[in-house]
Amino acid sequence: MTRIATWNVNSIKAHLASTLAWAKSEKPDVLLLQEIKCLDDGFPRLEFEDLGYNVETVGQKTYNGVAILSRHPLTVEQRSLPGAKDDEPARYIEALIEVPGEQKSSKRQVLRAASIYLPNGNPSGSEKFAYKLAWMERLIAHAKALLKEEEILVLGGDYNVCPTDADVYDPEGWRDDALCRPESRAKYRELLYLGFTDAIAARHPEPGNYTFWDYQAGAWQKNNGLRIDHLALSPQAADRLADCGIDKRPRGKEKPSDHVPVWCDLEL
DNA sequence: ATGCCCGATAAAATCGGA
């Protein structure tokens, strides 16, 4: 079994202890991180290597930044989403991971995984919103090309999209937010309709499975959450989906990230 | 009601987040 998790950690330095503790207890084989908020040199690499992870980062000072941590050998395939300009923010990293067979006799398998930090896009109708939609267009184009490889592929990350009203605590109040706008949702559906499975939507379709709660106004205590962190599985990955979930526990601890980990177990 | 909180930067406000 191979466990893959995604987590927007909202600064790896500020939330290092809780991220290490979660990795140690839940033992994901692959951990996709977003908003590491540091340069490559600033990433606490040794601490994760001590837990048995290989570390690849696309860092940036102050904002953004993504990483792939893997217990198995990995090769970075992309450090930005194809079509990037030179000053592209650090929002995408993709790697090939060699997963050893479960038995000695079984063949090793290749997993492709990407850590995605999709632009927020607020306020709606702004240049930032147009950038978000253009970024999603590029993601769709790249995902379409990747699907042709027929690989076990997981596109995980903070998508900054609430797919449906069931994924928002107050759909009416969030109607005009960039995370809930019909344009954002349409692009997310367009991605899925290429042939991807939203793991949580497929296996836990009940409403209110949130992955983010704002720090403000007691959002966590009131369960005013959003589901915006997703694991999109290629058909070859979805066929192997054994289980998946959202681990809300870290949000209730001291000084948490405002997002929680989303994980899936694949039979490989 | 776009402020409440939080992190980074840098040295006190400001930006960005969602």
Side-chain angles (χ1 to χ4, degrees), chain A residues 6-20 22 32-44 57-67 87-92 115-133 135-136 139 156-185 187-188 200 207-230 246 248 250-262:
Chain A
T6 179
W7 196 358
N8 179 325
V9 291
N10 186 21
S11 167
I12 191 61
K13 287 178 184 170
H15 301 120
L16 178 60
S18 54
T19 307
L20 287 169
W22 192 84
L32 310 170
L33 301 178
Q34 301 87 38
E35 283 207 271
I36 60 174
K37 291 188 175 178
C38 63
L39 294 166
D40 293 332
D41 286 346
F43 191 90
T57 61
V58 173
Q60 183 183 329
K61 193 178 176 179
T62 311
Y63 302 120
N64 311 312
V66 287
D87 57 346
E88 183 88 346
R91 293 179 175 277
Y92 189 88
S115 178
I116 292 170
Y117 180 43
L118 214 144
N120 173 305
N122 272 306
S124 292
S126 67
E127 273 185 27
K128 287 182 175 181
F129 189 59
Y131 179 73
K132 174 183 195 156
L133 297 179
W135 205 94
M136 293 184 84
L139 178 61
D158 176 358
Y159 279 72
N160 270 316
V161 176
C162 281
T164 72
D165 279 355
D167 301 307
V168 199
Y169 69 96
D170 175 14
E172 205 50 53
W174 282 74
R175 192 159 299 282
D176 291 326
D177 191 277
L179 280 62
C180 298
R181 286 289 304 167
E183 298 92 326
S184 309
R185 288 177 170 174
K187 286 269 184 276
Y188 184 70
I200 298 296
N209 284 326
Y210 306 137
T211 66
F212 164 89
W213 296 260
D214 200 292
Y215 289 121
Q216 300 183 69
W220 167 248
Q221 288 75 13
K222 292 186 258 186
N223 195 29
N224 288 346
L226 311 169
R227 188 173 77 91
I228 52 176
D229 300 272
H230 308 302
I246 300 165
K248 297 184 177 185
R251 188 65 180 81
K253 300 194 170 161
E254 286 283 300
K255 275 191 53 103
S257 167
D258 39 7
H259 297 250
V260 295
V262 182

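Proteins come first, then strands; the chains are lettered A, B, ... in the order of their sequence lines, and each starts at number 1.
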(message) Tell me whether the side-chain N/O atoms of A:H259 come closer than 4.0 Å to OP1 or OP2 in B:dA18.
(response) yes

(message) Rounded to whole Å, how long is the line connecting atom CG of A:N160 with atom C1' of B:dG16?
(response) 12 Å

(request) Just call it for A:Y159: base, sugar-phosphate, or nothing, with non-hydrogen atoms closer than 4.0 Å on any strand. (result) nothing

(message) For A:I12 and A:L118, find the nucleotide of DNA chain B closest to each by heavy atoms; which residue's nucleotide sits nearer the 5' end?
(response) A:I12

(request) Could you tell me how the ring of A:Y188 sits relative to the ring of A:Y159: parallel (under 30°), tilted (30 to 60°) or perpendicular (over 60°)? (result) perpendicular

(message) Could you tell me how far apart A:Q60 (CD) and B:dT9 (P) are, to the nearest whole angstrom?
(response) 11 Å

(request) Compare side-chain N and O positions of A:K128 against OP1 and OP2 of B:dG17 and report whether any pair is under 4.0 Å apart. (result) yes

(message) Whether A:N8 contacts B:dA18 is assessed here as follows: a side-chain N or O lying under 4.0 Å from the phosphate OP1 or OP2. Is that the case?
(response) yes

(message) Mind checking if A:Y63 touches a base, just sugar-phosphate, or nothing, with heavy atoms under 4.0 Å?
(response) base

(message) Without decimals, in angstroms, what is the distance between A:N10 CG and B:dC6 P?
(response) 11 Å

(request) With heavy atoms under 4.0 Å as the rule, sort A:N64 into base, sugar-phosphate or nothing. (result) nothing

(message) In whole Å, I'd like the distance from the CD atom of A:E35 to the P atom of B:dG7.
(response) 12 Å

(request) Would you please confirm or rule out a distance under 4.0 Å between OP1 or OP2 of B:dG3 and any side-chain N or O of A:Y215? (result) no

(request) Check whether any side-chain heavy atom of A:P250 sits under 4.5 Å from a side-chain heavy atom of A:P256, and report yes or no. (result) no

(request) With sequence neighbours excluded, tell me which residues meet side-chain contact (heavy atoms from CB on, under 4.5 Å) with A:S18. (result) A:H15

(request) Just compare B:dG7, B:dC4, B:dA8 and give me whichever is closest to any side-chain atom of A:T62. (result) B:dA8

(message) Is the phosphate of B:dG17 approached by A:K37 (side-chain N or O, under 4.0 Å from OP1 or OP2)?
(response) no

(request) Send over the distance from A:W220 CH2 to B:dC6 P, rounded to a whole Å. (result) 15 Å

(request) Looking at every strand, decide which applies to A:N120 at a 4.0 Å heavy-atom threshold: base, sugar-phosphate, or nothing. (result) base

(request) For the side chain of A:K61, starting at C-beta, report the closest nucleotide among B:dA10, B:dA18, B:dC4. (result) B:dA10

(message) Would you say that A:P89 contacts A:W135 through its side chain, given a criterion of any heavy-atom pair below 4.5 Å between the two side chains?
(response) no

(message) Within the 4.0 Å heavy-atom criterion, would you say A:K132 contacts the bases, only the backbone, or no part of the nucleic acid?
(response) nothing

(message) My understanding is that only one of A:N8, A:T6, A:I12, A:V66 makes a side chain to side chain contact (heavy atoms under 4.5 Å, CB included) with A:L33; could you say which?
(response) A:I12

(message) Here's a test of your reading of the structure: between A:I36 and A:D177, which maps to the more 5' nucleotide of DNA chain B?
(response) A:I36

(message) Classify A:D229 by what it touches in the nucleic acid, base, sugar-phosphate, or nothing, heavy-atom distance under 4.0 Å.
(response) nothing

(message) The test is side-chain hydrogen bond (donor to acceptor under 3.5 Å, both in side chains); show your working for A:W213 and A:N223 and say whether it passes.
(response) CA-CA 7 Å; A:W213 296 260; A:N223 195 29; 3.0 Å; yes

(message) For the residue pair A:N122 / A:K128, report whether a side-chain donor-acceptor contact shorter than 3.5 Å exists.
(response) no

(request) Mind calculating the distance between NE2 (A:H15) and P (B:dC5) to the nearest angstrom? (result) 16 Å

(message) Categorize A:A217 for me: base, sugar-phosphate, or nothing, with a 4.0 angstrom heavy-atom threshold over every strand shown.
(response) base

(request) Using the P atom as the reference point in each nucleotide, state the distance between B:dA1 and B:dA12 in Å, no decimals. (result) 35 Å

(request) Using atom CD of A:E254 as one end and atom P of B:dC5 as the other, report the distance to the nearest whole Å. (result) 16 Å

(message) Say we look at B:dA10 and B:dC15: how far apart would their C1' atoms be, to the nearest angstrom?
(response) 13 Å

(request) Send over the distance from A:Y131 OH to B:dG17 P, rounded to a whole Å. (result) 11 Å

(request) Looking at every strand, decide which applies to A:R91 at a 4.0 Å heavy-atom threshold: base, sugar-phosphate, or nothing. (result) sugar-phosphate

(request) Rounded to whole angstrom, note down the C1' distance from B:dC6 over to B:dT2. (result) 16 Å

